[in-house]
Student: 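To start, I am sharing the structure in question, which I have written as structure tokens.
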Amino acid sequence: LVALALSACPVALAQDSSPAQEPVVEAPAVSIQVSPSVVKSSIDRAVKHLRDVQAEDGSFADSTWITSQVLVALAECPREYRVVDGPFVTRAVAYLEAARTPTGLICDPRISANETRIRQTLLAGRAMAAVETRGYVEGDDAKLVALQEACKDVDATLYDIVQGNLVSEPRVLETTLVLELLASQGEDGNYGEARPGGVAYTIRQLTATWKDLRSKEVKAAAEVAPLPVFANADRAAALRAMERGARYLVDEGQLSPGHWGSGEHADPGITAMVLAGLLSTPEPRPEATQAAIDAGLEWLLSLQKPDGSI
């Protein structure tokens, strides 16, 4: 938090054969206001639930279909996750890549129907494109094209049919249904006892609703006021605060010269954030601060791979 401050100066319901009945909707015990921030918070908790139930092999529910659905939901949600955002995304992508068959399809091995195999393959391609996986994005789409060609080789007619109707697209939810979903969300972030596929589709519907709510939030021009003048005294106080924060990061936060992290483990991401904060302090900097910056940058450079990633 110190570093950041410095650098900143639908649930899918199972269907059965029982007669349809009007659902009884009970008012939540605590009044919940449907606002963009409330909906986004619910989505964040649902995403955390999905991360918690992800299997060691990167899959969700041991299924390429469900894993693809989850990746699409992660890509569409307010935080717009991509492969660069962490192992929970890259492991899911690796699971899909590993599921590729000798014929070039990506589908569950127990599936034999051609239409289903094509549908699963095309959704896997869409999912990996959504999280911006190399080989599946515009200008670098050789792997995506290979998937499409493999589907056409199986049945070109089915490919055209499935391509035009791949999955159900999310819709903006009515306020009553949003309230029901929010009230059903447990401490673990799940909506009732929904399976990962149901949670993923609910995230997509709530994301569509969140976008709709945000578009309706139009502030009147009268509410916009200019920032107060930043006086010299304010500037001096801000600089003193930055200096105190920098001293804390250097004197108390370092695990070893130029290394910051969580617990006893140095972490490149946390180190990068700390360095961004320290680099925002004005020059000339105290000797200890500059030494910590230099050591941190040297460590990060030593971790960089040939493709530029760390």
Student: Take Q120 and T116 through the test side chain to side chain contact (heavy atoms under 4.5 Å, CB included) and record every step on the way to the result.
Tutor: CA-CA 6 Å; Q120 290 191 353; T116 304; 4.0 Å; yes
Student: Give a yes or no on whether a salt bridge exists between K211 and E80, defined as a side-chain N under 4.0 angstrom from a carboxylate O.
Tutor: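 So K211 does not pair with E80 through a salt bridge.
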Student: Which pair of non-hydrogen atoms, one from R214 and one from P36, has the smallest distance, and what is that distance?
Tutor: CG-CB, 3.7 Å
Student: Does L144 offer a backbone N or O that forms a donor-acceptor pair with the side chain of D141 under 3.5 Å?
Tutor: no
Student: Would you say V199 and V47 make side-chain contact, with heavy atoms under 4.5 Å?
Tutor: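 Not in contact.
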Student: So how far is it from T121 OG1 to N114 CG, rounded to the nearest 0.5 Å?
Tutor: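 T121 atom OG1 to N114 atom CG measures 10.0 Å (nearest 0.5 Å).
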Student: So, does R204 use its side chain to make a donor-acceptor pair with the main chain of S168 at under 3.5 Å?
Tutor: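 Yes: the side chain of R204 pairs with the backbone of S168.
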Student: Minimum heavy-atom separation for M242 to S280, with atom names?
Tutor: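 The answer is CE-O, 3.4 Å.
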Student: Go through it in stages, so that I can follow the logic: the residues are Q69 and L123, the test is side chain to side chain contact (heavy atoms under 4.5 Å, CB included), and I'd like the CA-CA distance, side-chain angles, deciding distance and then a yes or no.
Tutor: CA-CA 8 Å; Q69 288 182 317; L123 184 62; 3.9 Å; yes
Student: Would a distance-only check, ignoring hydrogens and angles, find a side-chain to backbone donor-acceptor pair under 3.5 Å from T271 to W260?
Tutor: yes
Student: With distance as the sole criterion, is a donor-acceptor pair present between the side chains of Y191 and S42 under 3.5 Å?
Tutor: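 There is such a pair (donor and acceptor under 3.5 Å, judged by atom type) between the side chains of Y191 and S42.
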Student: For Y159, which residues count as a ring-ring contact (aromatic ring centres under 6.0 Å, His included) partner, sequence neighbours excluded?
Tutor: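 Y159: no ring-ring contact (aromatic ring centres under 6.0 Å, His included) contacts found.
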Student: Quick one: are Y136 and V131 in side-chain contact, heavy atoms under 4.5 Å?
Tutor: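 A side-chain contact is absent here, since even the closest heavy-atom pair is not under 4.5 Å.
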Student: In terms of heavy-atom contacts, does CZ of R100 have more than 12 from other residues, nucleotides or ligands at under 6.0 Å?
Tutor: yes
Student: Are any non-hydrogen side-chain atoms of V178 and E174 less than 4.5 angstrom apart?
Tutor: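 Contact flag for V178/E174 side chains = no.
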Student: Of the non-hydrogen atoms in T207 and C77, which two are nearest, and what is the gap between them?
Tutor: OG1-CA, 3.4 Å
Student: Keeping R117 on the side-chain end and L105 on the backbone end, is there a donor-acceptor pair under 3.5 Å?
Tutor: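 Pair absent, no side-chain N/O of R117 close to backbone of L105.
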Student: Let me confirm one number: the NE2-CD1 distance from H49 to I203, rounded to the nearest 0.5 Å.
Tutor: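 The distance works out to 9.0 Å.
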Student: Going only through I, L, V, M, F, W and Y residues with side-chain contacts under 4.5 Å, is there a path from V250 to M273?
Tutor: yes
Student: To the nearest 0.5 Å, what is the distance between OG1 (T281) and CD1 (I293)?
Tutor: 5.5 Å
Student: When you measure from the side chain of D140 to the backbone of V137, do you find a donor-acceptor pair of N or O atoms at a distance under 3.5 Å?
Tutor: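 No: the side chain of D140 does not pair with the backbone of V137.
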Student: Answer whether the closest heavy-atom distance between the side chains of L50 and P196 falls below 4.5 Å.
Tutor: yes
Student: Using only atom types and a distance under 3.5 Å, with no angle test, would you say the side chain of T209 pairs donor to acceptor with the backbone of V172?
Tutor: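 Judged by distance alone, no pair lies under 3.5 Å.
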Student: Looking only at atom types and distance, does a side-chain atom of T289 sit under 3.5 Å from a main-chain N or O of R285, one as donor and one as acceptor?
Tutor: no
Student: Can you tell me how far CG of L181 sits from CD1 of I43, rounded to the nearest 0.5 angstrom?
Tutor: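 Separation between the atoms: 10.5 Å.
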Student: Are any non-hydrogen side-chain atoms of W65 and V167 less than 4.5 angstrom apart?
Tutor: yes
Student: Passes side chain to side chain contact (heavy atoms under 4.5 Å, CB included), T103 versus D153? Steps please.
Tutor: CA-CA 9 Å; T103 59; D153 289 342; over 6 Å; no
Student: Before accepting this row, confirm whether a basic side-chain N of the pair K143/E97 lies closer than 4.0 Å to the acidic partner's carboxylate O.
Tutor: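 Looking at E97 together with K143, the answer is yes, because their closest N to O distance falls below 4.0 Å.
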Student: Checking the side chain of S63 only, and the main-chain atoms of I66 only, is there a donor and an acceptor separated by less than 3.5 Å?
Tutor: yes
Student: Distance check, rounded to the nearest 0.5 Å: L213 atom CG versus S37 atom OG?
Tutor: 9.5 Å
Student: Sequence neighbours excluded, which residues qualify as ring-ring contact (aromatic ring centres under 6.0 Å, His included) partners of H259?
Tutor: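 Expected list: W299.
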Student: So does E149 pair up with K152, basic N to acidic O under 4.0 Å?
Tutor: yes
Student: Strictly distance-based, threshold 3.5 Å: is any side-chain N or O of S309 a donor or acceptor partner for the main-chain N or O of K305?
Tutor: no
Student: For residues A127 and L71, report the shortest heavy-atom separation together with the two atoms involved.
Tutor: CB-CB, 3.8 Å
Student: Among L96, V93, D57, which one satisfies side chain to side chain contact (heavy atoms under 4.5 Å, CB included) with T67?
Tutor: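 That would be L96.
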Student: Stepwise, does the salt bridge (charged side-chain N to carboxylate O under 4.0 Å, His left out) test hold for R126 with E169?
Tutor: CA-CA 13 Å; R126 172 176 168 176; E169 294 304 321; 3.2 Å; yes
Student: Could you tell me which non-hydrogen atom of L249 sits nearest to which non-hydrogen atom of V274, and how far apart they are?
Tutor: CD1-CG1, 4.1 Å
Student: Walk me through it: do L239 and R235 pass the test side chain to side chain contact (heavy atoms under 4.5 Å, CB included)?
Tutor: CA-CA 6 Å; L239 289 175; R235 183 176 186 278; 3.4 Å; yes
Student: Return the set of residues passing side-chain contact (heavy atoms from CB on, under 4.5 Å) with R91 (not counting sequence neighbours), or none when no residue passes.
Tutor: Q54, P87
Student: Strictly under 6.0 Å, is that where the ring centroids of F60 and Y95 end up?
Tutor: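 So the answer is no for these two rings.
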Student: Do NZ/NE/NH1/NH2 and the carboxylate oxygens of R45 and E187 come within less than 4.0 Å?
Tutor: no
Student: Is there a continuous path of hydrophobic side-chain contacts, each under 4.5 Å between heavy atoms, that joins V154 to L122?
Tutor: yes
Student: Do the charged groups of D44 and K48 touch, with an N to O distance under 4.0 Å?
Tutor: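 A salt bridge is absent here (no side-chain N lies under 4.0 Å from a carboxylate O).
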Student: So which heavy atom on A200 is nearest to which on A73, and how close?
Tutor: O-CB, 3.4 Å
Student: Is it true that I161 and L166 fall in one hydrophobic cluster, defined by side-chain heavy atoms closer than 4.5 Å?
Tutor: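 In one cluster with I161: L166, no.
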Student: Indicate, with yes or no, if L301 and I270 share a hydrophobic cluster defined by side-chain heavy-atom contacts under 4.5 Å among Ile, Leu, Val, Met, Phe, Trp and Tyr.
Tutor: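 Looking at the clustering, L301 is in a separate group from I270.
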Student: Identify whether I111 and I118 are in the same connected component of the hydrophobic contact network (ILVMFWY, side-chain heavy atoms under 4.5 Å).
Tutor: no
Student: Flag the pair M128 / I106 as yes when at least one side-chain heavy-atom distance between them is below 4.5 Å, and no otherwise.
Tutor: yes
Student: Heavy-atom distance under 4.5 Å between the side chains of L300 and L275, does that happen here?
Tutor: yes
Student: How long is the straight-line distance from CD of E283 back to CG of L279, given to the nearest 0.5 Å?
Tutor: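 Output value for this atom pair is 8.5 Å.
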Student: Is atom CD of Q163 surrounded by more than 12 heavy atoms (other residues, nucleotides or ligands) closer than 6.0 Å?
Tutor: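 Correct, the count exceeds 12.
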Student: With a sphere of 6.0 Å drawn around CD of Q304, does it hold more than 12 non-hydrogen atoms of other residues, nucleotides or ligands?
Tutor: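 Yes, enclosed.
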Student: With no hydrogens and no angle check, is any side-chain donor or acceptor of R119 less than 3.5 Å from a backbone partner on N165?
Tutor: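 Yes; judged by distance alone, with no hydrogens or angles, the pair exists.
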